[in-house]
2 protein chains.
Amino acid sequence: MTPQKPRRPLTLRDVSEASGVSEMTVSRVLRNRGDVSAATREKVLTAAKTLGYVPNKIAGGLASQRVNLVAVVIPSLSNLVFPDVLGGISAELDDTGLQPVIGVSNYSPAREEMVLYDMLSWRPSGVILAGLEHSKAATAMLSNSGIPIVEIMDTDGQGIDTLVGISHHRAGREMADHILAAGYRRIGFVGTHMPEDHRARKRLVGFEEGLAEKGVQLEAREYYQGGSSLLKGRELTERILARAPDLDFLYYSNDMIGAGGLLYCLDQGYDIPGRIGLAGFNGVDLLDGLPVRLSTTDARRHDIGRRAARIIAGKDATPPDRVVALTPTFLPGDTIRAIP
Amino acid sequence: MTPQKPRRPLTLRDVSEASGVSEMTVSRVLRNRGDVSAATREKVLTAAKTLGYVPNKIAGGLASQRVNLVAVVIPSLSNLVFPDVLGGISAELDDTGLQPVIGVSNYSPAREEMVLYDMLSWRPSGVILAGLEHSKAATAMLSNSGIPIVEIMDTDGQGIDTLVGISHHRAGREMADHILAAGYRRIGFVGTHMPEDHRARKRLVGFEEGLAEKGVQLEAREYYQGGSSLLKGRELTERILARAPDLDFLYYSNDMIGAGGLLYCLDQGYDIPGRIGLAGFNGVDLLDGLPVRLSTTDARRHDIGRRAARIIAGKDATPPDRVVALTPTFLPGDTIRAIP
DNA sequence: GTGAAAGCGCTAACAA
DNA sequence: TTGTTAGCGCTTTCAC
């Protein structure tokens with residue numbers, strides 16, 4: 001516990017000299033590898049701790065051609081969704097010696113490509129990334145990397161290697177079925193206008209298909225740009241209801257703007273879910289304490305993170321068809337009428 | 001654009017051979033270093049792209065003893081506060097060639113120590129970590145690492161190297177002054193019971209000092225464990241008001257539970273801010289669309305991230321006293337009476 | 001159970 | 001402007 005002032009960073013050699021044990025054996029001790037006598041082990045550990053030695057993984061990685069890093073690339077951190085996924089990943093990686101390294105693409109394919117390039121240059125043990133839509137160069141990089149790739153969140157499409165997620169198409173469709181069964185007919189949609197938010201788009205497509213099957217069409221749409229917040233939800237709701245006052249249902253592309261819409265409708269004294277029904281998407285529990293619980297779909301974020309991590313860690317056999325499709329579950333809440 | 005199937009990962013040598021240029025010059029081109037003729041440059045870039053070469057930063061880092069990584073260690077991702085800080089950091093690092101690597105400690109000093117050990121073993125160019133309270137071993141590791149360390153969020157205490165943050169003590173104190181000036185006297189506190197949430201603790205100490213100076217004492221406290229949510233804010237508020245029904249003010253340790261409390265009080269028909277006043281902490285704009293704006297203190301999260309990153313990137317001179325103290329600013333909102 | 005030699009893929013330093 | 005040499009700090013492999 002009397003570390004020297006390190007003008008030069010400490011190396012294995014320093015620990016070797018301090019303990020009178022060869023570098024090789026020091027290395028064995030520090031990695032719990034091979035057979036080392038209790039006595040030498042003790043000497044080495046004491047020396048390492050006394051000096052304050054921190055191994056150099058750069059050198060170690062180069063020598064062993066193995067790195068305990070898992071690259072995780074997500075579109076955003078401020079979107080409440082992704083911390084949940086990361087929680088699942090890190091919970092599952094915790095006892096594997098693997099470490100997640102997080103990169104953020106800001107929903108930009110170009111940026112995603114850069115981030116991936118950067119991460120692959122560290123030769124990680126695996127890559128987990130959100131979505132199925134990537135730049136051509138990114139797809140090529142990943143395919144050629146020779147490491148396990150897990151694309152998460154979405155199963156509607158073709159993957160590079162393994163997919164873990166839900167079908168957003170199906171989630172949208174099931175919500176449509178539910179709403180129609182509850183008797184709503186004049187339906188509006190509020191969502192992001194992000195060409196790159198493919199999952200939201202797929203939900204909407206599935207939703208509209210579900211409606212169309214019963215001869216119903218969306219009466220109005222309201223799009224917005226940028227992040228989601230309660231305030232934005234309010235504004236959009238006010239706007240769409242001004243344009244189409246006789247809507248009897250609003251489907252939001254996420255819970256945050258849905259909650260904003262809910263607060264707006266409560267303010268305006270709408271009868272919910274009688275006069276108007278509302279639904280969001282994600283199943284964010286942060287919002288549980290609102291005056292009324294928003295109906296929504298649980299996107300299985302935590303599970304998705306866990307399953308993806310299990311595959312990278314080699315705890316799960318890769319599924320034969322390379323797809324792990326989880327089931328999005330409907331969370332009733334209080335903003336949709338009971339089905340008669 | 002016809003990448004070979006890589007049984008063996010590609011190396012500089014492959015690019016060298018494919019382009020007929022020496023490894024060294026290939027390396028120069030790929031790093032934009034030194035003078036290389038436009039012709040060779042072109043040859044090299046074409047070859048690299050055709051092969052799908054991704055440089056190996058492990059080898060590069062070992063050879064150059066430099067790594068473009070900045071270790072960022074925070075307690076949690078689900079706490080809304082930290083994504084904002086990360087946003088500031090990554091915005092500022094964007095044009096520097098440095099890359100943040102995020103580690104999460106879950107408010108556990110032991111885990112923080114492990115995460116730091118892991119990150120330091122990659123020899124990053126700098127470390128940014130939340131708070132001033134670390135395990136002895138962690139403090140030693142950081143001091144001996146020989147790399148720039150910036151501790152963020154808090155300036156009440158002694159740092160290892162450089163501090164960027166606000167004084168939570170002062171923030172608590174100023175809120176006390178404000179509340180008393182507005183005429184509230186029967187005051188309760190609702191907060192986490194996390195021995196490791198030092199910043200919340202310091203705010204509370206400052207708050208109580210501010211009260212004590214005017215002869216006022218906290219009448220009730222309500223603590224909770226685990227994450228913050230609207231629901232928890234409701235429950236805690238119900239509980240504290242059941243125990244101490246004549247409280248006329250509630251100070252919450254963060255905006256999320258404060259907002260839950262606000263919703264509860266609205267439900268119960270309390271006159272806000274007449275009969276009872278409320279305040280939170282942080283200034284999260286996610287909650288902006290609530291029926292009533294919660295009074296709070298802006299913790300300057302984004303700025304803190306930016307300043308910390310600037311210091312690591314060498315864009316700012318390190319302040320002479322090694323402390324960058326930002327000013328927490330009071331956000332009036334609608335839940336505190338005007339000062340008479 | 002322990003050690004010696006070789007080399008991982010790249011870049012610093014110097015030479016041409 | 002380009003090339004050559006040495007070596008970063010560790011682990012693999014093999015010998016003892």
Side-chain angles (χ1 to χ4, degrees), chain A residues 6-45 47-48 51 53-69 97 118 120-125 145-146, chain B residues 6-45 47-48 51 53-69 97 118 120-125 145-146:
Chain A
R7 45 194 69 270
R8 171 182 56 77
L10 295 166
T11 69
L12 259 192
R13 168 175 232 104
D14 296 305
V15 183
S16 167
E17 284 170 359
S19 62
V21 174
S22 79
E23 286 188 43
M24 197 49 238
T25 301
V26 172
S27 168
R28 287 197 181 96
V29 172
L30 263 24
R31 286 176 300 142
N32 300 311
R33 278 291 165 75
D35 292 321
V36 180
S37 74
T40 18
R41 161 178 235 78
E42 203 53 43
K43 268 194 292 189
V44 169
L45 289 177
L51 295 173
Y53 173 68
V54 178
N56 185 332
K57 289 210 181 172
I58 301 178
L62 182 60
S64 67
Q65 307 285 343
R66 267 183 284 96
V67 161
N68 69 336
L69 262 24
D118 253 53
L120 288 179
S121 73
W122 290 101
R123 305 292 188 261
S125 298
S145 69
Chain B
R7 45 194 68 273
R8 172 182 56 75
L10 297 166
T11 68
L12 259 192
R13 168 177 231 103
D14 297 307
V15 183
S16 167
E17 283 168 1
S19 61
V21 174
S22 78
E23 286 188 43
M24 195 54 233
T25 302
V26 172
S27 169
R28 287 195 181 97
V29 171
L30 264 23
R31 288 176 299 144
N32 299 310
R33 277 292 165 76
D35 291 322
V36 180
S37 75
T40 18
R41 156 177 240 80
E42 203 52 45
K43 269 194 291 188
V44 169
L45 288 176
L51 295 173
Y53 172 69
V54 177
N56 185 332
K57 288 212 181 171
I58 301 179
L62 183 60
S64 66
Q65 307 284 346
R66 266 182 289 94
V67 160
N68 70 335
L69 262 24
D118 254 51
L120 287 179
S121 72
W122 289 101
R123 306 289 188 263
S125 299
S145 69

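Note that the structure is a prediction, hence the values are computed from the model and not measured. Proteins come first, then strands; the chains are lettered A, B, ... in the order of their sequence lines, and each starts at number 1.
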Next on the checklist: Any non-hydrogen side-chain atom of A:Val29 less than 4.5 Å from a side-chain atom of A:Thr40?
Outcome noted: no
Next on the checklist: So if I define the base as every atom that isn't primed, P, OP1 or OP2, how would nucleotides 10-16 of chain C read as a B/S/- string at a heavy-atom cutoff under 4.0 Å?
Outcome noted: BBBB---
Item to check | Closest-nucleotide 5' rank along DNA chain D - winner of B:Gln65 and B:Arg41 | outcome: B:Arg41
Checklist entry - For the helix from C:dG1-D:dC16 to C:dA16-D:dT1, what angle lies between the axis at the first five pairs and the axis at the last five pairs, to 10 degrees? => result 30°
Item to check | Length of the line joining B:Glu42:CD and D:dT1:P, which is rounded to integer Å | outcome: 16 Å
Item to check | Pairs flagged by salt bridge (charged side-chain N to carboxylate O under 4.0 Å, His left out) wherever residues 20-44 of chain A is involved - sequence neighbours left out | outcome: A:Arg13-A:Glu23
Checklist entry - Can you name the nearest heavy-atom pair linking B:Pro124 to B:Leu69, along with the distance? => result CB-O, 3.2 Å
Item to check | Under 3.5 Å: donor-acceptor pair, side chain of A:Ser121, backbone of B:Val54 | outcome: no
Checklist entry - Heavy atom of residues 15-22 of chain B under 4.0 Å from DNA chain C: which residues? => result none
Item to check | Distance, rounded to the nearest Å, where B:Ile58 contributes CD1 and D:dT11 contributes C1' | outcome: 13 Å
Next on the checklist: Walk me through whether A:Asp14 and A:Thr11 qualify under side chain to side chain contact (heavy atoms under 4.5 Å, CB included).
Outcome noted: CA-CA 5 Å; A:Asp14 296 305; A:Thr11 69; 3.4 Å; yes
Next on the checklist: According to side-chain hydrogen bond (donor to acceptor under 3.5 Å, both in side chains), does anything in residues 53-68 of chain B pair up with another residue at least two apart or in another chain? List the pairs.
Outcome noted: none
Checklist entry - Below 4.0 angstrom from OP1 or OP2 of C:dT2, is there any side-chain N or O of A:Thr40? => result yes
Checklist entry - How many Å lie between CG on A:Leu62 and C1' on D:dC8, as a whole number? => result 9 Å
Checklist outcome for this item: Value for CG (A:Leu12) from CE (A:Met24), rounded to nearest 0.5 Å, stands at 8.5 Å
Item to check | Chi angles and distances behind the side chain to side chain contact (heavy atoms under 4.5 Å, CB included) call for B:Leu10, B:Val15 | outcome: CA-CA 8 Å; B:Leu10 297 166; B:Val15 183; 5.9 Å; no
Checklist entry - Residues in side-chain hydrogen bond (donor to acceptor under 3.5 Å, both in side chains) with A:Asp118, at least two apart? => result none
Next on the checklist: Between B:Ser37 and D:dT2, is there a contact of a side-chain N or O with OP1 or OP2 at under 4.0 Å?
Outcome noted: yes
Checklist entry - Which pair of heavy atoms, one from B:Val26 and one from B:Ser19, lies closest together, and at what distance? => result CG2-OG, 4.1 Å
